[in-house]
Amino acid sequence: MSVQKWISPLQGLDSLRQMEDPMPSPGPGEVLVKIHAVSLNYRDVEVVKGEYKHHKTAEQDATIVPCSDMCGTIVTVGHDVSQWVVGNRVLSTFLPEHQTGQVTEKQLAGSLGLPLDGVLATHRIFPAHGLVQAPEYMSDEEACTLPIAGVTAWMSINGMRPIGQSGGENDYILLQGTGGVAIAGLQIAKASGAKAIITSSSDEKLEMAKRLGADFTINYRTNPNWEEEVMQFTRGNGVNIILETGGAQTLRKSFDCIAFGGLINCIGYVSGKVDEADDRLNVNLLALRRTVTLKGIINGPKDRFEEMLRFYERNQIHPEVHRVFSFTEAKEAFKFLESGSHFGKVVIKIE
């Protein structure tokens with residue numbers, strides 16, 4: 001038997017190509033997983049294009065297997081592995097060594113899909129401690145979306161709270177866009193009883209968000225001063241939590257509609273990484289103005305992932321999968337994600 005996998009020299013989406021390797025065997029403390037489904041993140045597009053360079057630990061290796069999020073089944077168990085048996089259905093963790101608490105640079109250097117080889121393959125060896133149990137009620141395609149999008153949204157909403165605590169009806173949560181993290185955040189927010197506000201440039205996607213329970217929607221293309229509408233929705237108080245995925249074009253607006261004592265989670269930068277030249281008001285002053293907490297979010301530890309899975313199970317949340325591509329269509333899946341046409345997650349099914 002052999003392993004089929006996609007690799008990239010990090011020179012653009014068209015540099016992705018398929019190859020074959022011998023089937024590996026797990027060593028002590030390891031398991032071999034047959035991968036059923038892989039979900040894509042914006043990070044994966046940046047990695048393959050050679051643009052993911054803002055972390056010291058993300059050194060650009062010559063060639064890697066991309067992607068970090070998978071659902072699969074354990075097919076071989078290595079020596080000294082007691083927590084898993086053959087047939088267990090599992091999910092990867094983005095940072096296998098990040099088991100609890102604050103992430104460290106050393107743990108970040110073990111990121112799947114750069115600098116370590118990722119999961120866009122038919123099989124992969126994992127450390128036994130770097131996996132979690134997949135929810136039984138979810139399909140493979142749903143479950144594989146959880147390691148980055150689900151955990152990032154969970155940590156944005158609940159990461160500042162002790163394990164076991166969650167928000168409720170007194171929270172207003174703002175989700176930017178309708179990508180994987182934002183839609184996971186919408187589902188978590190509504191299951192928590194919070195009021196959710198979501199932005200998009202597409203009225204069609206906003207209607208889809210309403211069907212998932214969004215309380216308020218804003219088209220930022222037709223309403224570029226969307227922060228003013230957020231303040232109206234919240235009766236001038238602002239939102240308690242923002243999942244800030246826009247970056248350069250949205251952060252200032254987030255500061256203008258956050259509540260006093262609110263939390264802005266810096267997650268992504270799809271609108272750019274460099275501030276406008278004519279708006280240089282220092283972030284120090286912006287944070288001070290409403291006693292805001294500005295927090296960078298890079299996923300979360302395994303124990304918070306498992307906490308999130310218990311929450312999903314209690315509320316029977318089904319992640320939103322927009323489109324599923326076949327393994328041979330991996331390049332097309334990356335291009336579709338890059339186009340921004342998706343609502344929720346894009347998944348590659350491994351045959």
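Nothing fancy with the numbering, it's 1 onward along the sequence. This is a predicted model, so every value here is computed, not measured.
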- prompt: Does the pair E46 and R43 meet the rule for a salt bridge (Lys or Arg N to Asp or Glu O under 4.0 Å), with working shown?
  reply: CA-CA 5 Å; E46 277 209 311; R43 176 186 191 267; over 6 Å; no
Test side chain to side chain contact (heavy atoms under 4.5 Å, CB included) applied to K190 and L186, step by step: CA-CA 6 Å; K190 293 313 301 175; L186 171 61; 4.0 Å; yes
message: Could you go through V103 and N299, starting from their C-alpha distance and side-chain angles, then the distance that decides it, and tell me whether this counts as side chain to side chain contact (heavy atoms under 4.5 Å, CB included)?
response: CA-CA 9 Å; V103 70; N299 204 238; over 6 Å; no
task: Test M138 against C71 for side chain to side chain contact (heavy atoms under 4.5 Å, CB included), laying out the working first.
output: CA-CA 10 Å; M138 288 187 194; C71 178; over 6 Å; no
task: Test side chain to side chain contact (heavy atoms under 4.5 Å, CB included) on K335 and D14 and set out the steps.
output: CA-CA 9 Å; K335 292 180 178 180; D14 286 322; 2.7 Å; yes
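Counting all heavy atoms, side chain and backbone alike, G113 lies closest to V47 at O-CG1, 3.6 Å. The nearest pair of heavy atoms linking R221 to S201 is NH2-CB, 3.4 Å. Shortest non-hydrogen contact noted between I64 and P115 is CG2-O, 4.3 Å. Taking both residues in full, the closest heavy atoms of I267 and S156 are given as CD1-OG, 3.3 Å, listed atom of the first, atom of the second, then distance. The shortest heavy-atom contact between P135 and L146 is CG-CD1, 4.2 Å. In plain terms, the two heavy atoms of G185 and A153 that are nearest each other are N-CB, 3.5 Å.
Side-chain polar atoms of T328 and S326 form a donor-acceptor pair below 3.5 angstrom. Side-chain contact, E141 with H36: no donor N or O sits under 3.5 Å from an acceptor N or O. Judged by distance alone, the side chains of T93 and H98 never bring a donor and an acceptor atom under 3.5 Å apart.
Between L286 and R252 the shortest side-chain heavy-atom distance falls below 4.5 Å. Contact check for S68 versus N41: side-chain heavy atoms found under the 4.5 Å cut-off. Side-chain contact between L251 and L294 is present, with heavy atoms from C-beta onward closer than 4.5 Å. Between E306 and K302, some side-chain heavy-atom pair lies under the 4.5 Å cut-off. At a threshold of 4.5 Å between non-hydrogen side-chain atoms, the residues K349 and D140 do not count as touching. With contacts defined as side-chain heavy-atom distances shorter than 4.5 Å, the pair L175/I183 does not qualify. Contact annotation: the side chain of V45 never approaches that of L40 to less than 4.5 Å [non-hydrogen atoms, C-beta and beyond]. No side-chain heavy atom of Y52 sits under 4.5 Å from any side-chain heavy atom of D44.
The main-chain N or O of E228 is never found under 3.5 Å from a side-chain atom of N225 such that the two would form a donor-acceptor pair. Of the possible polar contacts, none joining the N315 side chain to the I317 backbone as a donor-acceptor pair under 3.5 Å is found. The backbone N or O of Q176 lies less than 3.5 Å from a partner atom in the side chain of T245, making a donor-acceptor pair.
Enclosure of atom CD in E136 is not indicated, since only 12 or fewer non-hydrogen atoms of other residues, nucleotides or ligands lie within 6.0 angstrom. When the shell of 6.0 Å around CD of E204 is examined, it contains 12 or fewer heavy atoms from other residues, nucleotides or ligands.
Taking a cutoff of 4.0 Å between a charged side-chain nitrogen and a carboxylate oxygen, E207 and K210 qualify as a salt bridge. The pair R124-D117 fails the salt-bridge criterion, with no side-chain N (NZ, NE, NH1 or NH2) lying under 4.0 Å from an Asp/Glu carboxylate O.
Both V81 and I74 are assigned to one and the same hydrophobic cluster, defined by single-linkage of ILVMFWY side chains at heavy-atom distances under 4.5 Å. Clustering ILVMFWY residues whenever any of their side-chain heavy atoms sit less than 4.5 angstrom apart, transitively, puts V3 in a cluster other than the one holding V77. Note on V38: it clusters hydrophobically with F336, by side-chain heavy-atom contacts below 4.5 Å among ILVMFWY residues. No path of Ile, Leu, Val, Met, Phe, Trp and Tyr side chains, each step under 4.5 Å between heavy atoms, connects M23 with W6, placing them in separate hydrophobic clusters. If you chain together hydrophobic residues whose side chains sit under 4.5 Å apart, V119 and M19 fall into the same group.
The stretch residues 141-160 participates, sequence neighbours left out, in these ring pair (Phe, Tyr, Trp, His ring centres under 6.0 Å) pairs: W154-F311.
Put simply, CH2 on W226 and OG1 on T217 are 14.0 Å apart, with the number rounded to the nearest 0.5 Å. In this structure, CZ on F94 lies 12.5 Å from CZ on F305, to the nearest 0.5 angstrom. The CH2 atom of W84 sits 11.5 Å away from atom CZ of F126, with the distance rounded to the nearest 0.5 Å. Here CE of M70 is found 9.0 Å from CG of L112. Values are rounded to the nearest 0.5 Å. One distance of note links NE2 of H322 with CG of L337; it measures 10.5 Å at 0.5 Å rounding. Between atom CG of residue L131 and atom OG of residue S92 there is a gap of 7.5 Å, rounded to the nearest 0.5 Å.
Of the residues listed (I35, V48, L120), the one engaging C67 in a side-chain contact (heavy atoms from CB on, under 4.5 Å) is L120, and it is the only one. The side-chain contact (heavy atoms from CB on, under 4.5 Å) with L243 is formed by just one residue from the set I297, T152, I173, I188; it is I173.
In this pair, F216 and F233 present their aromatic rings parallel. The plane angle is below 30°, not in the 30 to 60° band.
Judged by the 6.0 Å and 45° rule, R289 forms no cation-pi pair with F255.
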